[in-house]
There are 2 protein chains.
Amino acid sequence: MLDIPNRDRRAERRSSTRTEILEAAWELCAANGLASLSLRDLAQRIGLKAPSLYSYFDSKNAIYDAMFAQGCQQLLDERPREIPDDLLGGIRAIMGYFVDFCVADPVRYQLLFQRTIPGFEPSADSYAISQTAMRLTFDWFAGHGLDRPDVVDLFTAIGSGIAAQQNSNEPGGDRWTKLVDDAALMFVRHIQAGDVPTDKGRSQT
Amino acid sequence: MLDIPNRDRRAERRSSTRTEILEAAWELCAANGLASLSLRDLAQRIGLKAPSLYSYFDSKNAIYDAMFAQGCQQLLDERPREIPDDLLGGIRAIMGYFVDFCVADPVRYQLLFQRTIPGFEPSADSYAISQTAMRLTFDWFAGHGLDRPDVVDLFTAIGSGIAAQQNSNEPGGDRWTKLVDDAALMFVRHIQAGDVPTDKGRSQT
DNA sequence: GTCTATATTTGGATAGAC
DNA sequence: GTCTATCCAAATATAGAC
């Protein structure tokens, strides 16, 4: 007798249906907006009735949560494997990757980085994934002698600002994304100027 | 006989009720989220029933539109009267004002600058107000010899990035807003370095 | 696991009396 | 202008048969 390890076909099928549901959810959100997702439409798109979805997810927010986790995982999985070791090259690569990721899917950007779905908060597990992604960036900075939190904060502000402007004002275009190299140069020169550590806050008017 | 010009008390009352409705709408949105506004709650908050709102606004989106117009008008009206004429001082003032405006009311920021309400588009009239505000910034830049669109785009990206990060990750705090002066310095030095006009796009990977 | 049927809630919006 | 009453549509979610 063959002693093949049990492929649990039931579990496999279940998992693939879950994947199918999430794929359909991304498509619907891309078409109608993140907030307009409805379980009826979602079920219909894959040939099910709405109540059947509850065999796979506990609630609508559980679907959003799974999408959130997927998005964070993609941010981790698709990150560049080779980051140039020089500061400018590295900053360019990281900022460029992040901006491209954000504009590649505006709905995903909205779900992960803008919190605009009323009543949705990512679960602890999903949030942990996003924290891992954040920490990798922070570690890269620290590995290059940049361990000041406000330096990283300025970096993320520039990256997410370019992405936000692109997605809000010209989704699909490149009016802002093409500024990435220029912005990276600006940022690197600034932190190399050496006067960044300003502990005082902004001057009052 | 006194010949007092007609104060149209009816029109005054109507206008003041409209104002009251909009004030209540801002409060509800601040409490429950922009997308969660409901006409029932809104009417109840000012002692009316939902159908009465239709004497003042044609639809729910008309209320969003009036809020949008109000927000844009505030951006215009509250702008700093005295902008320092030197480049760094001016950039600091404009960026600081914009960021403060955005974080002062995250819901207003969401309505004006992130388009996340399904089905809502500002009317032509409302949009014109926002365009006026944009043009004033553009004109100030042009008046200081900065007429390249990508310079203005980089500026708006930095400002809205700081605001977006602050509102998304630490609403009400100052972790990002305190970076404004530093960011303004970074930006001004960069555009003064003179190598900004790069017509080529980002280098491909 | 999937379905039908339905509960339940909640929206926006309209009709018509006052 | 405001109300009551209602319409209509849509949503999430549950119960229970198969």
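Note that this is a predicted model, so its numbers are computed, not measured. Here is how names work: the chains are called A, B, and so on, in the same order as the sequence lines, proteins then strands, and each is numbered from 1.
Between the CD atom of B/Gln44 and the P atom of C/dG12 there is a distance of 14 Å, rounded to whole Å. Rounded to a whole Å, the CZ atom of B/Phe120 is 15 Å from the P atom of C/dG12. Here D/dA9 presents its P atom at 16 Å from CG of A/Asp41, a figure rounded to the nearest Å. In this entry the distance linking CZ of A/Phe57 with P of D/dT12 reads 14 Å, nearest Å. Nucleotide C/dT2 holds its P atom 13 Å from the CG atom of A/Leu42, rounded to whole Å. If you take OH of B/Tyr64 and P of C/dG12, they are 8 Å apart, rounded to a whole angstrom. The CG atom of A/Asn32 sits 13 Å away from the P atom of D/dA10 (whole-angstrom rounding). Atom pair B/Leu53:CG and D/dG1:C1' shows a separation of 12 Å (rounding to whole Å applied).
Within the 4.0 Å cut-off from OP1 or OP2 of C/dG1, not a single side-chain nitrogen or oxygen of A/Ser52 is found.
Using a 4.0 Å cut-off between charged nitrogen and carboxylate oxygen, A/Asp41 and A/Arg45 do not count as a salt-bridge pair.
Within 4.0 Å of B/Leu37, counting heavy atoms only, lie sugar-phosphate atoms of the nucleic acid but no base atom. Within the 4.0 angstrom heavy-atom criterion, no nucleotide atom of any strand lies near B/Gly119.
Side-chain atoms of B/Ser55 lie closest to D/dG1 of the nucleotides D/dG1, D/dT12, C/dG1. The nucleotide whose nearest atom lies closest to any side-chain atom of B/Lys49 is, among D/dT2, C/dC3, D/dC3, D/dC3. Candidate nucleotides C/dG1, D/dA11, D/dC3 were compared by shortest atom distance to the side chain of A/Ser38, and D/dA11 ranks first.
Between B/Phe187 and A/Phe187, the gap from one ring centroid to the other reaches at least 6.0 Å.
Between A/Arg92 atom CZ and A/Leu185 atom CG the span is 6.5 Å, to the nearest 0.5 Å. A/Leu112 CG to A/Ile129 CD1: the interatomic distance, rounded to the nearest 0.5 Å, is 10.0 Å. Rounding to the nearest 0.5 Å places CD of A/Gln131 at 9.5 Å from CZ of A/Arg135.
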Test ring pair (Phe, Tyr, Trp, His ring centres under 6.0 Å) on A/Phe113 and A/Phe98; report intermediate values, then the result.
CA-CA 12 Å; A/Phe113 302 115; A/Phe98 178 71; 5.5 Å; yes
Sugar-phosphate atoms are those with a prime plus P, OP1 and OP2; base atoms are the rest. Using that split, label each nucleotide of nucleotides 13-18 of chain D B, S or - for protein heavy atoms under 4.0 Å, 5' to 3'.
BB----
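Residue pairs meeting the side-chain hydrogen bond (donor to acceptor under 3.5 Å, both in side chains) criterion with at least one member in residues 61-81 of chain A, sequence neighbours excluded, are A/Trp26-A/Gln70, A/Asp65-A/Ser123, A/Asp65-A/Ser126, A/Gln73-A/Asp77, A/Gln74-A/Arg108.
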